[in-house]
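Only one structure is covered here, and it is reproduced in the block below.
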Amino acid sequence: MSYEHQGEIQPTDEKLYKIRHSLAHVLAQAVLDFREGSTLGFGPPIRHGFYYDFALSSPINEEDFPEIERRMKKILKSGQRFYREDLAKNDALARLEEMGEPYKKEYAIELCEKFNLDTLTFFRNGPFVDMCEGPHVDTTRDIPRDAFKLRSVAGAYWRGDSDNQMLTRIYAWAFLTKGELDEHVDAYLKAQERDHKKLGRQLGIFAIDNEIGRGLPLWLPHGTVIRDELEKLACELEFKAGYKRVSTPHIAKRSLFYRTGHLPYYADDMYPPMELIEHTDSGEEVKEAYVLKPMNCPHHHKIFAAEPRSYRDLPLRLAEYGHVYRFEESGAVSGLLRVRGMCMNDAHIYCTEDQIKSEFLSVIQLYAEAYGILGLDQYYLRLSKCDPDDPKRAQKYVDNPVAWQTSETLLEELLIENDIEFVTGIGEAAFYGPKIDVQFRTITGRDESVSTVQLDFAVPARLELAYVGRDGELHTPYCIHRAPLSTHERMVAYLIEHYGGAFPTWLAPVQVLVVTVSEKFHQYGEQLVAELRSRFIRAELAPESDTVSKKIREGTIRKIPNMLVLGEREQEDQTVTLRRYGVGEQTVLPKNQFIEHIEKTISARAPEFLIN
RNA sequence: GCUCACAUAGCUCAGCCGGUAGAGCGCUUCCUUGGUAAGGAAGAGGUCAUCGGUUCAAGUCCGAUUGUGAGCACCA
């Protein structure tokens with residue numbers, strides 16, 4: 001799955017694939033020449049180009065790129081032919097040994113063992129030889145000299161395993177023509193303007209202060225409006241779907257998490273415990289450790305356990321926007337996407353085995369409804385299963401092969417029966433069960449799980465949760481964990497990038513900016529703002545001392561969805577001139593009609609302004 | 001956590017080969033009352049991330065720390 005993240009693509013005969021693959025060899029040739037004594041790792045084509053991993057004899061950084069590119073272009077110009085050579089296994093290994101390529105050799109040995117090979121394929125172009133399956137272009141002259149660009153240098157573990165040595169990876173873009181390259185670089189730069197970290201500051205949505213702590217965002221007034229709107233949406237959808245809201249504390253005794261099975265495995269992902277000294281009635285000192293909760297489920301399970309439950313109570317759906325804290329490693333923390341404190345649109349559905357499918361399905365329908373309202377359509381579902389071949393399996397997953405098998409099959413059937421498209425992610429399951437993750441691609445091209453639905457067949461039993469069945473006996477419920485609107489942090493990050501900061505009216509921190517044409521109409525402006533606010537419409541009056549042009553410019557930069565221009569004409573006729581964000585022409589309409597329309601727009605959570 | 005890069009005013013950034021800090025925006029005050037993307041003037045604002053080293057002298061060179069970014073690993 002790690003290759004999935006890097007955007008690795010399957011080998012094809014396509015010209016572009018061959019060009020990218022061949023350019024990787026050209027890069028390697030240039031680098032080995034530039035840094036003698038370096039050795040090779042992997043160098044595959046990827047989504048928009050290719051990369052190559054090196055164990056370098058001395059470091060390279062981006063300042064060296066022009067020189068490396070110059071050498072690459074020279075190689076392209078010289079028209080080296082690509083020759084395929086198939087070598088018997090022992091000859092191949094001997095050659096890799098002689099070439100001084102320990103990583104390639106290690107991989108070669110593994111390939112031979114795994115696939116029982118007796119020959120290995122090499123490609124030679126000019127002085128450069130690489131063990132590689134191809135395919136390649138015929139000669140380096142077939143590669144356009146102006147359609148590639150070295151992009152960045154980064155560390156990457158050999159074979160994607162952090163126990164291995166870290167190699168240096170050089171990423172590059174490569175296309176068929178210079179035009180396509182330029183277009184892609186352009187789009188890349190434009191995408192960076194939509195980065196939620198950048199817009200989040202510009203639009204006053206969140207701030208990160210080092211005295212508060214890394215990964216602990218502060219929500220500014222504008223960001224808090226968005227959170228409140230999302231929360232309101234969730235409450236409405238969940239109310240209609242039969243959820244009950246609950247509320248739980250941010251901390252709990254550490255012992256609870258031992259009982260659920262989260263500890264000791266997840267200790268590294270949790271903030272260290274707070275040690276308390278408590279006194280018993282007899283005056284004895286007792287030490288008690290409390291932890292910040294990394295998830296809400298144990299608390300919700302305890303709400304389930306707070307009363308005797310009957311099968312008639314099921315499915316019981318408990319919902320909470322709950323705060324959780326996870327100690328993410330320093331290198332993982334980023335903006336709102338990976339944080340150490342977050343607020344999750346969480347709920348746990350306790351049900352019988354017979355109810356699992358229908359509950360899962362209604363959760364998926366809830367997702368679809370929520371995403372429809374939010375205008376999100378760029379996502380895919382991933383069925384996340386455990387990895388039975390993982391050597392670390394015992395540390396990663398609950399040991400209950402039968403339950404894994406049944407629950408994974410159940411989810412898979414559910415998706416297939418309902419014609420829901422999905423990909424499968426081996427090794428992506430939760431420790432207590434399989435899940436269906438909703439994957440988004442961020443503006444910077446990274447895939448992230450935004451939401452998740454999980455089936456838990458393990459923890460309710462550990463906490464001895466039970467309900468009285470029709471048969472009068474006690475039974476253990478199943479639990480479905482779900483978070484359609486993700487965490488506020490991730491969802492807002494995603495929404496900022498999705499809308500480029502230009503939110504639809506219902507979500508916009510400021511919904512209406514009132515622009516008066518001169519001081520004379522300021523009072524009319526103030527009255528209008530007051531009237532809008534009395535109807536809970538978030539309206540602001542543009543600063544008095546600015547010129548009209550300046551006010552419009554500021555409103556546009558702030559991406560406020562609706563601006564109302566007020567002057568003599570408007571005051572006399574009790575009208576407003578409506579200027580929508582990103583819309584050229586303006587509309588003049590009676591003030592009351594505007595209010596009526598915007599109220600409709602907001603209550604419908606419409607993506608566009610409803611004029612009728 | 002790991003690799004590499006970066007850190008100058010609230011924001012965006014300039015500052016050569018070491019000689020003690022600059023612009024635009026924003027902010028404050030004043031003037032301007034302007035019909036659709038920057039009206040004008042003045043002023044305030046910096047221990048150049050922190051700590052240490054080299055040097056007569058460090059924003060500039062070196063080291064460490066912290067933070068940020070691009071990746072890798074991780075991601076209940």
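Chain A is the first sequence line, chain B the second, and so forth, proteins listed ahead of strands; every chain is numbered from 1.
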Less than 4.0 Å between a side-chain N and a carboxylate O, is that true for [Y] and [X]?
X       : Y       : result
D161(A) : R159(A) : no
D269(A) : R326(A) : no
R317(A) : E359(A) : yes

Relative to the ring of H301(A), is the ring of H348(A) parallel (under 30°), tilted (30 to 60°) or perpendicular (over 60°)? perpendicular
Protein-nucleotide distance ([X], atom [atom1]; [N], atom [atom2]), rounded to Å:
X       : N       : atom1 : atom2 : result
Q192(A) : rU12(B) : CD    : C1'   : 15 Å
K198(A) : rU12(B) : NZ    : P     : 8 Å
M166(A) : rU3(B)  : CE    : C1'   : 5 Å
E329(A) : rU68(B) : CD    : P     : 15 Å
I557(A) : rA37(B) : CD1   : P     : 12 Å
Y171(A) : rU3(B)  : OH    : P     : 17 Å
L199(A) : rC11(B) : CG    : C1'   : 14 Å
R382(A) : rA76(B) : CZ    : P     : 8 Å

Check every strand shown and say whether [X] touches a base, only sugar-phosphate, or nothing at a heavy-atom separation below 4.0 Å.
X       : result
Q202(A) : nothing
E62(A)  : nothing
S518(A) : base
T452(A) : nothing
E585(A) : nothing
A332(A) : base
K435(A) : sugar-phosphate
T556(A) : base
S449(A) : nothing
R201(A) : sugar-phosphate
R214(A) : sugar-phosphate
T547(A) : base

Smallest separation among heavy atoms of P45(A) and R20(A), with atom names: CB-CB, 4.0 Å
Please report the distance separating the [atom1] of [N] from the corresponding atom of [M], rounded so that it comes out in whole Å.
N       : M       : atom1 : answer
rG71(B) : rC61(B) : C1'   : 29 Å
rG19(B) : rA57(B) : C1'   : 7 Å
rA64(B) : rA5(B)  : P     : 12 Å
rG67(B) : rC30(B) : C1'   : 41 Å
rA49(B) : rC6(B)  : P     : 13 Å
rA41(B) : rC16(B) : P     : 29 Å
rA73(B) : rC27(B) : P     : 45 Å
rA42(B) : rU20(B) : P     : 26 Å

Base [N] to side chain [X], donor-acceptor N/O within 3.5 Å cut-off:
X       : N       : answer
E544(A) : rU33(B) : no
E554(A) : rG26(B) : no
R338(A) : rC74(B) : yes

Would you find more than 12 non-hydrogen atoms of other residues, nucleotides or ligands less than 6.0 Å from [X] atom [atom1]?
X       : atom1 : value
E568(A) : CD    : no
Q523(A) : CD    : no
F148(A) : CZ    : yes

Which sits closer to the 5' end of RNA chain B, H481(A) or L167(A), going by the nucleotide each is nearest to?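 On the 5' side of the pair lies L167(A).
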Assuming nearest nucleotide by heavy-atom distance, tell me which of P59(A) and T577(A) is located more 5' along RNA chain B.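 Between the two, 5'-proximity favours P59(A).
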Options [options], nucleotide nearest the side-chain atoms of [X]:
X       : options                   : answer
K520(A) : rG34(B), rC75(B), rA37(B) : rG34(B)
K197(A) : rG69(B), rA76(B), rG35(B) : rG69(B)
R553(A) : rC74(B), rC4(B), rA38(B)  : rA38(B)
S162(A) : rG35(B), rA73(B), rC72(B) : rA73(B)
K550(A) : rC72(B), rA38(B), rU36(B) : rA38(B)
E519(A) : rG34(B), rC72(B), rU36(B) : rG34(B)

Determine: side-chain N/O of [X] to OP1/OP2 of [N], distance under 4.0 Å, yes or no.
X       : N       : answer
Y157(A) : rG71(B) : no
S549(A) : rU36(B) : no
N61(A)  : rC4(B)  : no

Per-residue pairing states of RNA chain B in dot-bracket (Watson-Crick or G-U under 3.5 Å; . unpaired, | other strand) read (((((((..((((.....[..)))).(((((.......))))).....(((((..]....))))))))))))....
Any luck finding a side-chain donor-acceptor pair between T505(A) and N562(A) under 3.5 Å?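 Short answer, yes.
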R340(A) charged N/C atom sitting above F327(A) aromatic ring, 6.0 Å / 45°: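 Output yes; distance and angle both within limits.
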Is any side-chain heavy atom of I60(A) closer than 4.5 Å to one of F54(A)?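 When only atoms from C-beta onward are counted, I60(A) and F54(A) do not touch, as no gap falls below 4.5 Å.
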